[in-house]
Number of protein chains: 2
Amino acid sequence: MLTQSEENYLKAIFHIQQEVEGGISTSRLAEKLETKAASVTEMIKRLADKKLVDYQKYYGVQLTDMGRKHALLIVRKHRLWEFFLVERLNFNWDEVHEVAEQLEHIKSPKLVEELDIFLGRPEYDPHGDPIPDANGNLPKSPKKRLSQLKTGDHAICKGFNDNSSSFLKFLDKQEIGLDTQIEVIHIESFDESMTVLIDKREVPLSKTASDNIYVEHITVEV
Amino acid sequence: MLTQSEENYLKAIFHIQQEVEGGISTSRLAEKLETKAASVTEMIKRLADKKLVDYQKYYGVQLTDMGRKHALLIVRKHRLWEFFLVERLNFNWDEVHEVAEQLEHIKSPKLVEELDIFLGRPEYDPHGDPIPDANGNLPKSPKKRLSQLKTGDHAICKGFNDNSSSFLKFLDKQEIGLDTQIEVIHIESFDESMTVLIDKREVPLSKTASDNIYVEHITVEV
DNA sequence: ATATATAATTAGGTTTGCCTAAAAATATAA
DNA sequence: TTATATTTTTAGGCAAACCTAATTATATAT
């Protein structure tokens with residue numbers, strides 16, 4: 001049985017692997033987990049002993065199939081609980097993360113299954129992130145970053161890369177949420193900031209912001 | 001902030017104090033927590049340092065007001081989650097204990113409050129145990145043990161002292177649940193076992209069983 | 001190619017929470 | 001009351017996870 005700490009390491013490795021290919025460095029993991037490199041080295045060795053990660057000294061870690069399976073279950077639980085908190089308990093989407101970080105470690109296969117049923121087997125969490133099914137399969141949608149679009153493009157908001165409370169509050173303020181319709185009306189070449197049209201309002205977005213917004217690019221018949 | 005282990009000790013002390021007066025012995029606590037006396041002594045000292053218990057070497061522990069407050073919050077969370085599991089997630093009442101033991105340690109005041117609202121501010125958990133409110137007040141009902149009744153008495157089942165899976169399964173088999181109507185039709189003097197009438201069925205109950213069933217004694221107009 | 005900088009690992013320590021075995025205190029029985 | 005039994009505490013250890021400081025590998029720059 002995995003400890004909470006071991007689960008957190010697996011989840012962190014999984015999330016970093018979603019972004020970059022290849023082995024993950026000790027320091028990158030330490031940063032993500034807000035701990036020190038020495039602690040990471042130690043834990044990685046334990047996980048390698050348990051065949052949950054492949055580890056080569058000085059060359060980083062990668063999840064094994066078993067490790068990925070565990071990680072996906074934790075992600076599944078995290079996202080189901082986030083859905084529960086927002087949809088049933090009136091949490092705002094910027095308040096759920098820390099609580100879900102706790103709830104994801106509850107060990108009860110029946111609980112996960114019954115919660116999934118109770119919630120109507122949702123496919124996406126409140127931030128638009130896909131919820132893995134019981135076998136670890138992710139529903140995948142053809143997502144792009146808003147920053148990849150061109151002037152004149154239309155899109156529908158489908159998720160966010162940064163789930164920090166400050167970013168989500170910023171989105172709330174700009175009235176940007178899941179399924180919000182967006183039209184790109186201008187891209188400033190010098191800093192790649194853009195102006196988008198949302199519900200007839202002109203909203204300015206920095207490159208940092210547009211990088212963190214996932215959209216589905218749609219073609220509009222004129 | 002309290003660790004999970006500290007919370008479990010407070011809860012155990014609270015539950016034992018409900019049953020017997022006075023200081024609680026190290027060995028009694030060790031038994032309840034399925035650990036060793038030496039470990040208990042150690043933890044008790046930590047809790048005493050934190051002013052959560054009063055402790056006198058060789059004379060047992062008692063909760064302080066602060067300690068009781070913490071214990072009641074844990075009991076509140078435990079029972080709210082049990083209610084949730086049974087009423088919303090289709091758990092049977094004999095399956096909820098271990099999961100609730102985990103869920104009770106989730107730290108989020110908002111979660112507790114919103115869950116309470118979501119569930120309709122229930123007063124009793126699925127076993128008939130009272131759920132403390134946010135201030136630690138217990139709704140109290142005038143409960144007796146079924147074993148205290150006399151032949152001919154009528155009563156309504158209001159709770160159980162033993163929440164073990166085996167006892168709850170036994171109750172299920174006898175079709176005894178919360179609010180079940182019971183009439184005592186015979187008490188065997190030599191072993192204090194009794195025969196009760198439930199929904200026109202004669203059900204034999206050992207003293208052990210009747211000791212663990214709480215009832216509200218009612219007067220029937222004939 | 002060699003020196004320097006950066007990153008990773010090892011060494012050695014801490015805290016929490018558990019353990020066993022020995023010692024001390026209290027309770028029970030002759 | 002004194003001996004015996006039981007309970008409690010103390011002493012000393014262990015594993016999980018963390019830490020800092022020192023060492024060793026690897027990467028970078030001259």
Side-chain angles (χ1 to χ4, degrees), chain A residues 1-13 16-17 19-63 67 70-71 74 98 101-102 104-107, chain B residues 1-13 16-17 20-63 67 70-71 74 101-102 104-107:
Chain A
M1 184 118 88
L2 298 181
T3 66
Q4 227 158 286
S5 212
E6 288 170 334
E7 291 190 342
N8 284 336
Y9 274 80
L10 293 178
K11 191 178 55 144
I13 297 167
I16 298 171
Q17 258 177 14
E19 285 164 24
V20 292
E21 283 296 306
I24 293 155
S25 72
T26 305
S27 52
R28 179 74 189 82
L29 253 182
E31 183 200 357
K32 182 108 180 173
L33 289 159
E34 291 176 293
T35 181
K36 295 299 153 78
S39 309
V40 172
T41 303
E42 189 180 77
M43 177 61 98
I44 287 308
K45 283 178 180 167
R46 254 207 298 284
L47 294 174
D49 286 345
K50 295 188 178 185
K51 309 281 183 205
L52 295 165
V53 300
D54 289 323
Y55 171 55
Q56 263 199 297
K57 265 189 186 179
Y58 293 101
Y59 289 92
V61 248
Q62 276 185 292
L63 291 174
H70 278 281
I74 302 157
E98 305 79 55
E101 293 272 280
Q102 297 179 63
E104 73 191 5
H105 300 294
I106 303 293
K107 281 159 185 71
Chain B
M1 185 117 89
L2 298 181
T3 66
Q4 227 159 285
S5 212
E6 286 170 335
E7 290 190 342
N8 284 336
Y9 273 80
L10 293 178
K11 192 179 55 146
I13 297 167
I16 298 171
Q17 258 178 12
V20 292
E21 283 295 305
I24 293 154
S25 74
T26 306
S27 53
R28 180 72 189 82
L29 252 181
E31 183 201 356
K32 183 106 180 174
L33 289 159
E34 291 177 291
T35 180
K36 297 299 154 77
S39 309
V40 172
T41 303
E42 188 181 77
M43 177 62 97
I44 287 306
K45 283 179 181 167
R46 255 207 296 284
L47 294 174
D49 287 345
K50 294 190 179 186
K51 311 280 183 205
L52 295 165
V53 299
D54 289 323
Y55 171 56
Q56 263 199 297
K57 267 190 183 177
Y58 293 101
Y59 288 92
V61 250
Q62 274 185 294
L63 291 175
H70 278 281
I74 301 156
E101 293 270 283
Q102 298 179 62
E104 73 192 3
H105 300 294
I106 303 292
K107 282 158 186 72

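Chain naming here is simple, since letters A, B, ... match the order of the sequence lines and numbering starts at 1 in each.
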Inset, instruction - Enter the distance from B:His70:NE2 to B:Glu7:CD here, rounded to the nearest 0.5 Å. - result: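 CD of B:Glu7 is found 8.5 Å from NE2 of B:His70.
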Output yes when at least one side-chain N/O atom of [X] is less than 4.0 Å from OP1 or OP2 of [N], else no.
X	N	answer
A:Ser25	C:dA7	no
B:Tyr55	D:dT9	yes
B:Lys57	C:dT26	no
A:Ser27	C:dA8	yes

When the distance from [atom1] of [X] to [atom2] of [N] is rounded to whole Å, what number comes out?
X	N	atom1	atom2	value
A:Ile44	C:dA7	CD1	C1'	15 Å
B:Glu6	C:dT16	CD	C1'	9 Å
A:Tyr58	C:dT9	OH	C1'	4 Å
A:His105	D:dA17	NE2	P	12 Å
A:Leu33	D:dA16	CG	C1'	16 Å
B:Tyr59	D:dT7	OH	P	15 Å
B:Gln4	D:dA17	CD	C1'	15 Å
A:Gln56	C:dT9	CD	P	11 Å

Inset, instruction - Going by the side-chain contact (heavy atoms from CB on, under 4.5 Å) test, name the single residue among A:Leu33, A:Leu52, A:Ile24 that passes it with A:Ile13. - result: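 Exactly one candidate clears the test, A:Ile24.
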Inset, instruction - Compute whether any side-chain donor of one residue and acceptor of the other, for A:Ser5 and A:Thr3, lie under 3.5 angstrom apart. - result: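 A:Ser5 vs A:Thr3: no donor-acceptor pair found between side chains.
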Legend entry - Side chains of A:His105 and A:Gln4, donor plus acceptor under 3.5 Å: no
Inset, instruction - Specify the closest pair of heavy atoms between B:Tyr55 and B:Ala48, including all atoms of both residues, with the distance to one decimal. - result: CB-CB, 4.1 Å
Legend entry - For the student: nearest non-hydrogen atoms of A:Lys50 and A:Met1, plus distance: NZ-O, 4.2 Å
Listing time: all N or O pairs from protein to nucleotides 18-22 of chain D that are below 3.5 Å?
residue	atom	partner	partner atom	Å
D:dC18	OP1	A:Ser5	OG	3.3
D:dC18	OP2	A:Ser5	OG	3.4
D:dC18	OP2	A:Tyr9	OH	3.4
D:dC18	N4	A:Glu42	OE1	3.4
D:dC18	N4	A:Glu42	OE2	3.0
D:dC19	OP2	A:Thr35	OG1	2.6
D:dC19	OP2	A:Lys36	N	3.1
D:dC19	OP2	A:Ser39	OG	2.7
D:dT20	OP2	A:Lys36	NZ	3.2

Inset, instruction - I would like to know whether A:Tyr9 and A:Leu2 meet side chain to side chain contact (heavy atoms under 4.5 Å, CB included); could you show each step before the answer? - result: CA-CA 11 Å; A:Tyr9 274 80; A:Leu2 298 181; over 6 Å; no
